[in-house]
Structure formats: structure tokens, C-alpha cells
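To keep things clear, I will list the structure first and then write my remarks on it.
So you know, we letter chains A, B, ... as the sequences are listed, proteins then strands, and number each from 1. Treat the numbers as computed from the prediction; the structure is a model and nothing was measured.
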Amino acid sequence: MIRTRFAPSPTGFMHIGNLRTALYEYLIAKSNSGKFILRIEDTDQNRLVADAEKIIFDTLEIAGLKYDEGPDIGGDFGPYIQSQRKDIYMKYALQLIESGKAYYCFCDKERLDSLHKKNLSYDRHCKNLSTEEIQKNLAAKIPFVIRQFIPDGQTTFKDEVYGEITVDNSQLDDQILIKSDGLPTYNFANVVDDHLMQITHVVRGCEYLSSTPKYNLLYDAFGWQIPTYIHLPLILDENGEKLSKRRGAASFQDLLQLGYLPQAIINYIALLGWSPESNQEFFTLPELEKEFKISSLSKSPAIFDLNKLRWMNSEYIKKMPFDEFYAAVLPYFKNSIKKSDLDYKQLAEMSQTRINFIYEAPSLFDFIDKLPDYDVNLFVHKKMKTTLENSLDILKIIIDKLGNLSSWTQDDIKKSLTDVVNENGLKNGQVFWPARIALSGKDATPCGAVEIAQMLGKSESINRLKFALTKLEGN
RNA sequence: GGCUCGUUGGUCAAGUGGUUAAGACACGGCCCUUUCACGGCUGUAACAGGGGUUCAAAUCCCCUACGAGUCACCA
């Protein structure tokens with residue numbers, strides 16, 4: 001059975017690249033009836049952030065990535081938090097020392113720094129300490145780390161995405177397995193846990209590609225079975241650089257805050273680095289589970305295009321069942337529009353195809369509370385065949401006609417305006433265009449003159465039409 | 001710098017020796033329409049460069065260029 005794991009370190013926010021990794025791990029497991037496991041990698045005590053775990057739980061929850069085992073729900077291979085597994089790693093590290101695959105190192109920081117300055121890798125200064133020296137140092141409580149001994153030769157591994165990769169072991173440092181605080185390094189904890197948790201497919205960003213040989217050397221040193229590796233290409237920002245907080249949205253939380261819908265985000269990032277066999281581009285999570293194939297993962301990095309995400313978001317808004325959309329948008333209308341006798345349902349209907357984000361809906365109707373300052377030239381429209389002159393004349397007729405209306409329904413208003421068209425031998429646009437401009441003061445509105453007049457009410461409508469008259473006359 | 005990986009339109013991408021080199025976003029045009037949006041139709045635009053192999057190369061090989069990753073007691 002396939003088992004994958006998502007192993008974030010609790011840094012306090014969910015990078016979009018990490019979320020995609022989690023998504024693919026989830027999909028690889030689920031598309032094969034496997035298990036998806038969550039493991040928290042908190043071995044760096046210097047980077048602990050409060051509530052960071054909660055953000056991970058919440059993100060996966062909102063994204064719909066349900067894990068089968070994890071810190072908060074348990075499982076047969078716990079604990080699922082690395083800081084709670086400290087003793088396990090030490091035990092395995094000592095086992096490697098026994099078999100000569102690892103060794104104690106007592107070198108201090110100054111010594112290491114000086115090597116580093118000369119661009120040298122670790123010189124194995126402590127590799128051949130005698131047993132007595134080691135015992136003496138340990139007894140004297142000299143701080144130590146445990147290093148992996150990298151043998152000569154070459155290491156080859158196979159990645160499902162990148163194929164076979166061979167690296168000369170001379171490129172590899174005798175890496176630290178156990179730090180001087182007694183906690184394991186990421187690489188070591190990762191190998192031990194993936195083995196103990198019976199992870200079959202190791203899925204991670206390709207920044208780990210070059211350290212993979214070290215992993216294999218560890219698996220070999222233990223005599224453990226090497227997992228299937230799946231390295232994922234990077235996600236870059238619009239400048240082709242790493243996604244960063246500075247340049248806007250780098251995290252899932254940022255995107256949510258900007259108004260992107262979780263399903264739209266998931267759908268979009270699923271397509272960054274993977275493509276389906278068909279041309280389908282809208283996927284629910286269950287559909288992804290069905291369609292996902294490791295073989296159609298891409299090798300080259302992808303640029304995160306907010307533009308396309310925005311489009312996808314607007315598509316998700318359009319697809320929402322109306323009641324759901326209405327419930328989501330209603331609070332925004334109530335908070336942002338002062339006029340209270342409005343038919344919010346109608347506003348919602350008019351909004352759904354016109355916005356990229358739910359919160360944008362009220363701004364479509366900003367002309368209701370206050371007529372904006374507008375340029376008189378808005379009345380001129382070539383295609384509508386309107387000019388400053390005929391707009392003035394026509395508006396006079398409209399004011400007259402609407403002023404005589406006793407009932408102010410959309411049907412009544414529409415009939416009146418249509419009458420103006422017919423009775424004066426005009427084109428629709430010649431009446432409706434100036435009316436809408438006068439009523440809204442905007443060249444684009446989410447509805448026509450009739451609806452706007454009805455929303456504003458009779459007296460406000462007449463006022464605005466008369467105001468337009470003075471503008472045109474003063475011209 | 002060493003090592004490793006990558007390179008199809010502005011962006012995401014299909015493509016696994018023979019195609020008019022898909023599709024989507026963005027951009028332009030047209031239609032629909034009392035504006036805008038939606039919807040429909042349509043246009044511009046790509047195999048990084050150079051050598052091979054082959055009857056035939058975006059697809060295979062080599063070199064170059066460019067980009068990226070990595071070389072920590074970070075993950």
C-alpha cells in the first residue's frame with residue numbers, strides 16, 4: 001500500500017509551494033487507495049513559532065486535504081511530532097556508530113568556521129579518534145555531534161520525475177545526523193521517520209534533489225529499503241524568482257485574505273507542475289484524486305500567475321449555486337451600501353458574473369449612495385448615437401415622462417422609457433444611454449437604466465436627471 | 001566556483017521521430033446587448049542557439065548560452 005507524508009516544519013505560515021507538495025502527496029496516496037500522513041518536523045528549536053501547528057492543521061482542513069494519521073488524530077506509527085521522538089533518533093545514530101557508518105565529532109564552532117571560510121568541507125578531523133579519547137571527551141561533557149561517514153564512490157538514485165541521477169560522493173559532506181542539542185537534523189530524522197512510518201513515496205520539492213544521495217547512503221547503512229522518490233519542480237513568482245512574502249502572496253493565508261476561494265487555489269496549483277490527459281481544467285478534489293498520475297508531473301519550474309488564479313476565482317464564483325453566492329455576498333452589501341431598501345437578491349444576481357472576488361460586489365453599486373462626479377462628455381456615445389445636444393433634449397422628455405409615473409416598478413419605468421423611444425422615433429440607446437449616465441454617473445454599471453432608477457427611487461432619480469440637465473445646459 | 005537539474009508563445013502547458021506544433025490565461029477584433037459583464041466566434045504569438053544521427057527531429061546524441069537548485073549543528 002502506498003503511504004505518503006506531508007512533513008512541514010512549523011514556521012507559522014503555509015508557503016504555496018508547500019501546499020502544492022501536500023496536495024500532490026495527498027493525490028498520490030489517494031489515487032492509489034493509499035494513506036496520507038501528517039508529520040511535524042520541529043527539530044530546529046530556534047525556529048519554533050507559536051500556533052504554527054494550528055496553522056498547518058487549519059490549512060489542510062480548509063484545503064480539504066484530510067490526513068489519515070497525524071499529531072492531532074493519532075495513528076499506528078506515532079508520535080507524529082519529531083521533537084517527541086528524540087530518543088528514537090539517538091538510538092539509530094548510535095547503531096550507525098556501532099557499525100562504523102557514523103562517528104562522534106567534537107569539533108568546535110571556530111574550527112568549523114575556519115574550514116568553511118576556506119570553502120572546505122568537513123575534514124574528518126574526528127573520524128579516527130580512539131575509543132579512549134571519545135570516552136574521555138564524553139565523560140568531560142564536551143559537546144558533540146554525530147556525523148555520517150560518506151564512503152568513496154558514486155551514488156545513483158532514481159527519481160520518478162527526473163530520472164536517474166548520479167552524484168560523486170566527493171560532493172557530499174560527512175553530514176551531521178545528531179546536533180549538539182541532541183536533536184536530529186532534518187535529513188536524519190526524515191530518513192528514520194520515513195522508514196519507521198513505512199512511507200513508500202517520498203514527495204518533496206526539488207531543492208532536496210542534491211541531498212538525496214545522502215539519504216540513500218543512510219538507507220543503505222541501515223539496510224533499509226529505499227523509497228520511491230518524487231521531486232517536484234519549483235514554483236516561482238512573476239519575475240522568475242522564489243515566491244516571497246515581500247512580493248505579495250506567498251502563502252495560502254495571504255491568498256485567502258485577498259479573497260481567493262480555497263477550491264480555486266487548489267485547482268490552480270494542481271495545474272502548476274501537473275497536467276491531466278484531457279483538456280479539462282476545472283477539477284474538484286475527488287476528480288483530481290481520480291485523474292492524478294505521477295507520470296504527468298512536469299520537470300521545469302512554473303511561474304505562479306496571479307492573473308490566471310484571479311480568472312479561475314471568478315469562474316468559481318460563477319459556478320457557485322446562487323444561494324451559496326448570495327449568502328456569501330450579502331454581508332458585504334449590508335456593510336458597504338448605506339441605502340437600506342434594496343433588493344439584495346437582485347444585486348447579488350447582477351454581481352455574480354461581474355466580479356473576481358466576492359468582496360468586490362458592493363463596489364459595483366457605489367453610485368447608489370452617492371452620485372459620482374462625472375464628465376459631461378460621458379453623454380456622448382458614437383454607437384448609441386448620442387450627443388450633448390440630443391441628450392439634453394431627450395433627458396427633458398424623460399424627466400417629464402417619469403415625473404408623471406404614479407407607480408415606480410421596473411415594468412413601469414421600462415414602459416415609460418420605451419414609450420419615449422417609440423413616440424419620438426429614437427433608437428433605444430439614445431434614451432437608455434443618457435438616462436443611465438445621468439442616474440449613475442458611470443460609463444459602466446452592472447445593470448441598466450431601468451434597474452438603477454428603480455433602486456434609487458423616484459425622487460432621487462428625478463433629481464439626478466435634473467442635475468444632468470444643468471450639467472448639459474451649462475456646457 | 002564544483003556538482004545536479006531545467007529550457008515549446010508574455011504565463012500555465014499538450015506533445016515521447018512524420019502534427020496545419022493542441023488547449024487555457026492575458027491581449028486584440030467581431031457578434032449578442034439600453035452600458036458593463038457573461039456567453040459565442042475569431043486573431044496575434046512558441047520549439048534558446050549551434051552541430052550531429054536519420055529519408056524524416058520540438059522529440060535521440062554532443063557542445064554552447066541562459067536560468068535554477070545545492071554545497072549549514074535550516075528545513
Side-chain angles (χ1 to χ4, degrees), chain A residues 7-11 18 41-44 46-47 105 107 109 112 116 119 121-122 143-147 159 161-163 165-168 170-173 175-187 189-190 204-213 231 233-234 236 238 240-242 268 271-282 296 298-312 314-315 318 350-355 364 378 381 383-384 414 417-418 421 427-437 440 442-452:
Chain A
S9 57
T11 58
N18 283 131
E41 308 220 332
D42 59 345
T43 54
D44 185 355
N46 300 319
R47 295 215 306 196
C105 170
C107 294
K109 195 168 182 309
L112 264 19
H116 207 241
N119 231 333
S121 56
Y122 183 62
F144 68 89
V145 301
I146 297 177
R147 286 182 185 271
D159 180 85
V161 175
Y162 291 93
I165 295 173
T166 300
V167 172
D168 200 291
S170 62
Q171 296 296 321
L172 277 22
D173 207 1
Q175 66 170 338
I176 291 174
L177 268 19
I178 301 287
K179 299 181 280 190
S180 56
D181 64 1
L183 283 166
T185 54
Y186 165 83
N187 292 314
N190 218 262
R204 64 214 325 193
C206 68
E207 64 266 31
Y208 296 107
L209 214 40
S210 35
S211 49
T212 302
H231 286 92
L234 257 37
L236 309 171
E238 65 271 29
E241 287 164 29
K242 273 181 152 178
Y268 176 67
L271 265 16
L272 274 187
W274 172 81
S275 61
E277 284 173 7
S278 70
N279 265 338
Q280 184 179 345
E281 53 190 346
F282 291 99
S296 23
S298 129
K299 289 187 218 294
S300 45
I303 289 175
F304 189 89
D305 186 5
L306 269 177
N307 203 17
K308 189 154 184 179
L309 211 211
R310 199 179 308 125
W311 164 77
M312 191 159 264
S314 74
E315 292 296 316
K318 281 174 212 136
M350 294 185 295
S351 306
Q352 199 166 1
T353 61
R354 284 171 235 259
I355 51 176
L364 298 174
L378 275 189
H381 194 292
K383 204 172 154 212
M384 297 297 119
K414 183 163 189 182
L417 293 179
T418 309
V421 171
K427 307 199 62 118
N428 275 338
Q430 290 177 304
V431 173
F432 286 94
W433 177 267
R436 198 182 54 80
I437 296 297
S440 69
K442 296 175 78 175
D443 64 344
T445 51
C447 51
V450 174
E451 293 80 7
I452 295 173

Could you check how far [atom1] of [X] sits from [atom2] of [N], rounded to whole Å?
{"X": "A:Y162", "N": "B:G69", "atom1": "OH", "atom2": "C1'", "answer": "9 Å"}
{"X": "A:L209", "N": "B:C3", "atom1": "CG", "atom2": "P", "answer": "16 Å"}
{"X": "A:K299", "N": "B:C12", "atom1": "NZ", "atom2": "P", "answer": "17 Å"}
{"X": "A:N187", "N": "B:C73", "atom1": "CG", "atom2": "P", "answer": "11 Å"}
{"X": "A:L271", "N": "B:A24", "atom1": "CG", "atom2": "C1'", "answer": "9 Å"}
{"X": "A:D305", "N": "B:A26", "atom1": "CG", "atom2": "C1'", "answer": "8 Å"}
{"X": "A:R310", "N": "B:U11", "atom1": "CZ", "atom2": "P", "answer": "17 Å"}

On a whole-Å scale, what distance lies between the [atom1] atoms belonging to [N] and [M]?
{"N": "B:A57", "M": "B:U19", "atom1": "C1'", "answer": "13 Å"}
{"N": "B:C3", "M": "B:U44", "atom1": "C1'", "answer": "43 Å"}
{"N": "B:U8", "M": "B:C12", "atom1": "C1'", "answer": "12 Å"}
{"N": "B:A46", "M": "B:U7", "atom1": "C1'", "answer": "12 Å"}
{"N": "B:C5", "M": "B:G10", "atom1": "P", "answer": "27 Å"}
{"N": "B:A37", "M": "B:C27", "atom1": "P", "answer": "11 Å"}

Give a yes/no answer on whether the side chain of [X] brings an N or O atom under 4.0 Å of OP1 or OP2 in [N].
{"X": "A:K308", "N": "B:A13", "result": "no"}
{"X": "A:H381", "N": "B:U35", "result": "no"}
{"X": "A:S275", "N": "B:A14", "result": "yes"}
{"X": "A:K383", "N": "B:C36", "result": "no"}
{"X": "A:T43", "N": "B:A75", "result": "yes"}

Closest to the [X] side chain, choosing from [options]:
{"X": "A:Q171", "options": "B:G6, B:C3, B:G39", "value": "B:C3"}
{"X": "A:F432", "options": "B:U70, B:U34, B:U35", "value": "B:U34"}
{"X": "A:E451", "options": "B:U34, B:U11, B:C73", "value": "B:U34"}
{"X": "A:L234", "options": "B:C36, B:A68, B:G10", "value": "B:A68"}
{"X": "A:S9", "options": "B:A13, B:A75, B:U34", "value": "B:A75"}
{"X": "A:R354", "options": "B:A37, B:C74, B:C25", "value": "B:A37"}
{"X": "A:K242", "options": "B:G69, B:G6, B:A13", "value": "B:G69"}
{"X": "A:Y208", "options": "B:G39, B:G6, B:A75", "value": "B:A75"}
{"X": "A:I165", "options": "B:G10, B:C36, B:C5", "value": "B:C5"}
{"X": "A:N279", "options": "B:A22, B:U35, B:A75", "value": "B:A22"}

My understanding is that a pair needs two contacts under 3.5 Å, Watson-Crick or G-U wobble. By that rule, which nucleotide pairs with [N]?
{"N": "B:G43", "result": "B:C27"}
{"N": "B:U54", "result": "none"}
{"N": "B:U34", "result": "none"}
{"N": "B:A13", "result": "none"}
{"N": "B:U4", "result": "B:A68"}
{"N": "B:U19", "result": "none"}

Tightest non-hydrogen contact, residues A:W433 and A:D443, listed as CH2-O, 4.1 Å
Review point. What do you reckon, are the aromatic ring centroids of A:Y208 and A:Y186 less than 6.0 Å apart?
Key: yes
Looking at A:W274 versus A:Y268, is the centre-to-centre ring distance below 6.0 Å? no
Have a look at [X] and say if it touches a base, only the backbone sugar-phosphate, or nothing, with a 4.0 Å heavy-atom cut-off.
{"X": "A:A449", "answer": "base"}
{"X": "A:G429", "answer": "nothing"}
{"X": "A:C107", "answer": "base"}
{"X": "A:M384", "answer": "sugar-phosphate"}
{"X": "A:E281", "answer": "sugar-phosphate"}
{"X": "A:S121", "answer": "nothing"}
{"X": "A:Y268", "answer": "nothing"}
{"X": "A:G273", "answer": "sugar-phosphate"}
{"X": "A:I437", "answer": "nothing"}

With distance as the sole criterion, do the side chain of [X] and the base of [N] form a donor-acceptor contact below 3.5 Å?
{"X": "A:R436", "N": "B:U34", "answer": "no"}
{"X": "A:T353", "N": "B:C38", "answer": "no"}
{"X": "A:S300", "N": "B:U7", "answer": "no"}

Of A:L272 and A:D168, the one whose nearest nucleotide on RNA chain B sits closer to the 5' end is A:D168
Whichever of A:V161 and A:K442 has the more 5' nearest nucleotide on RNA chain B, that residue is A:V161
| field | Exceeds 12 heavy-atom contacts within 6.0 angstrom, atom NZ of A:K179 | value | yes
With no hydrogens and no angle check, do the side chains of A:N187 and A:T185 hold a donor and an acceptor under 3.5 Å apart?
-> no
Main chain of A:T11, side chain of A:S9: is a donor-acceptor contact present, judged purely on distance under 3.5 Å? no
| query | Sub-3.5 Å donor-acceptor pair from the side chain of A:Y162 to the main-chain atoms of A:K299, do we have one? | reply | yes
Exactly one candidate in A:K318, A:M312, A:R310 meets side-chain contact (heavy atoms from CB on, under 4.5 Å) with A:S314; the answer is A:K318
Under 4.0 Å between a side-chain nitrogen and a carboxylate oxygen: does that hold for A:K308 and A:D305? no
Intermediate values then yes/no, side chain to side chain contact (heavy atoms under 4.5 Å, CB included), A:I176 and A:Y122 = CA-CA 10 Å; A:I176 291 174; A:Y122 183 62; over 6 Å; no
